[in-house]
Amino acid sequence: MNWEAIASRVEGFRARRIDLQKRVRSLRRRIVLLLAVVGPGIITSNVDNDAGGISVYTQSGAQFGYTLLWSLIPMTIALYVTEEMCARMGVITGKGLSDLIREEFGFRPTFFVMLTGFFVDLANVVAEFAGVAAAMEIFHVSKYIAVPLAAILVWVLVLRGTYRQVEIVFLAACLFYLTYVVCAIRAKPEWLIAARYTVIPSLHLDSGYLLMLTALVGTTIAPWQFFYMQASFVEKKVGPRQYPQARADVLLGSISWIVFFIIVCTAATLHAHGERNITEAADAAKALIPLAGKWAGLTFAFGLLNASLFAATILPLSTAHVICEGLGFEAGVDHKFKDAPIFYWLYTILIVVGAGIILIPGVPLWKILIFSQVGNGMWLPIVLIFILLLVNRRDLMGEYVNNTAFNVVAWVTAIAMIVLTLVLVYSALFPAGPPAGA
């Protein structure tokens, strides 16, 4: 027997085994580090799939079928570019966006941004509780019971929990968006046709189509997202060494897979059967029952309830963070009420007022929703410009300023968002009538 050959093979096998073990340990460390950092990017992007967002996605599928699916790719790029800049600023500077705006531009611009943000977000909070009311009515629960219970639930969650506990609840809520995947599968869509429309743009110059395209983009990228996500990375104490993991978190959250499945589901059912006059997500849930079965309709309604509760928690939390940070008050769920009273009182006021407005008989919810869209449209370009000016400050960001290629993408995205948002604002102020179906 050739013992030397056998020994050589054994030694080679041992070396490969040791190398494999090192790679496994390295991969395990990377996964553990990613799981430790993950959260703000995924939560921020998913919470924007709220009652208003789901309504827009539903209308898109019902009115235009699969034809707007192509917009998800540029929307994903735009969302990632804008959110990555905020994540980078939070990780590198250790400061939130409103804090940086105050330090670099002074108190007056900061106060203007904070005041605008408060009223815009208040209108959005009202819309979220409207989503709770609509979803629970499908389950035959009165809004006078559902809305107060929802308000108490979200208030207690933040008041009594630590940041890590609250984040775990939020990440768990993200999983419930899988209900829309179930709905889409039950709808039995034409997957090959949906895939073709996703990768091949289908542009139409019809005013209704362009308005819906603008609404899709405007719904996906909201100003409050930037403030909340940057503050979350700061509160989580994510530093420069964890920047690659933070960037991966933002990328994972930016992928618009929920939007894809909602549009596919409603295109395969509502659009295919001529049910195109859908004005709210709750209408879609009711219309799905005879088309895709009782469970599809109820699953869609449950998804609406989860999205509304999720956003009703995050939006006032984000607003309280932004205002307190910008004006120099203590903020964050890791603080007790006595340590950050302004933060918790702002959070409480937003929830009480937002839920209370829904309980007023005959309240014009549609006008409130329009106001929030117009407010977002006015606020978004201002916030984007502040972000771009800050992220390109070398004295602030050091080597982490935007490079030339990324700057081009960022400014093109910002300008495109400004133009699209102005179109949305104009259309909201001077409506030309309901959009025509495809």
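For clarity, every value in this text was computed on a predicted model and none was experimentally measured.
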Would you tabulate the side-chain donor-acceptor contacts of residues 345-356 under 3.5 Å, counting partners in other chains and residues two or more places apart, or write 'none'?
{"unit_1": "Y347", "atom_1": "OH", "unit_2": "V154", "atom_2": "O", "d": "3.1"}
{"unit_1": "T348", "atom_1": "OG1", "unit_2": "W155", "atom_2": "NE1", "d": "2.7"}
{"unit_1": "T348", "atom_1": "OG1", "unit_2": "Y344", "atom_2": "O", "d": "2.7"}

Name each donor-acceptor pair under 3.5 Å that joins a side chain in residues 397-406 to protein atoms two or more places apart or in another chain, with its distance.
{"unit_1": "N402", "atom_1": "OD1", "unit_2": "R88", "atom_2": "NH1", "d": "2.7"}
{"unit_1": "N402", "atom_1": "OD1", "unit_2": "R88", "atom_2": "NH2", "d": "2.8"}
{"unit_1": "N402", "atom_1": "ND2", "unit_2": "N407", "atom_2": "OD1", "d": "3.1"}
{"unit_1": "N403", "atom_1": "OD1", "unit_2": "A405", "atom_2": "N", "d": "3.3"}
{"unit_1": "N403", "atom_1": "OD1", "unit_2": "F406", "atom_2": "N", "d": "2.7"}

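- For V383, the side-chain contact (heavy atoms from CB on, under 4.5 Å) partners two or more places apart in sequence, or in a different chain, are L97, P223, F226, F227, W379, I387.
- Side-chain atoms of M85 and L388, non-hydrogen and from C-beta on, do get closer than 4.5 Å to each other.
- Atom CG of residue L396 and atom CZ of residue R394 lie 12.0 Å apart, to the nearest 0.5 angstrom.
- Take K95 and apply the salt bridge (charged side-chain N to carboxylate O under 4.0 Å, His left out) test, not counting sequence neighbours, and it matches E103.
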Point to revise | Stepwise side-chain contact (heavy atoms from CB on, under 4.5 Å) test for F118 and I323 | key: CA-CA 8 Å; F118 177 81; I323 293 175; 3.6 Å; yes
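- For D121, there are no salt bridge (charged side-chain N to carboxylate O under 4.0 Å, His left out) partners two or more places apart in sequence or in a different chain.
- Remark: L153 engages no residue in a side-chain contact (heavy atoms from CB on, under 4.5 Å) (not counting sequence neighbours).
- Not counting sequence neighbours, the partners of A267 by the side-chain contact (heavy atoms from CB on, under 4.5 Å) test are Y66.
- For P109, the side-chain contact (heavy atoms from CB on, under 4.5 Å) partners are F105, F386, not counting sequence neighbours.
- With sequence neighbours excluded, the residues that form a side chain to side chain donor-acceptor pair (under 3.5 Å) with S98 are E325.
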Practice item. Under the side-chain contact (heavy atoms from CB on, under 4.5 Å) rule, what do Q63 and H271 come out as? Steps first, then yes or no, please. Key: CA-CA 6 Å; Q63 294 175 6; H271 182 81; 5.8 Å; no
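- Annotation: side chain of V132 is not in contact with side chain of K143 (no heavy-atom distance under 4.5 Å).
- For R247, the side chain to side chain donor-acceptor pair (under 3.5 Å) test picks out no residue, with sequence neighbours left out.
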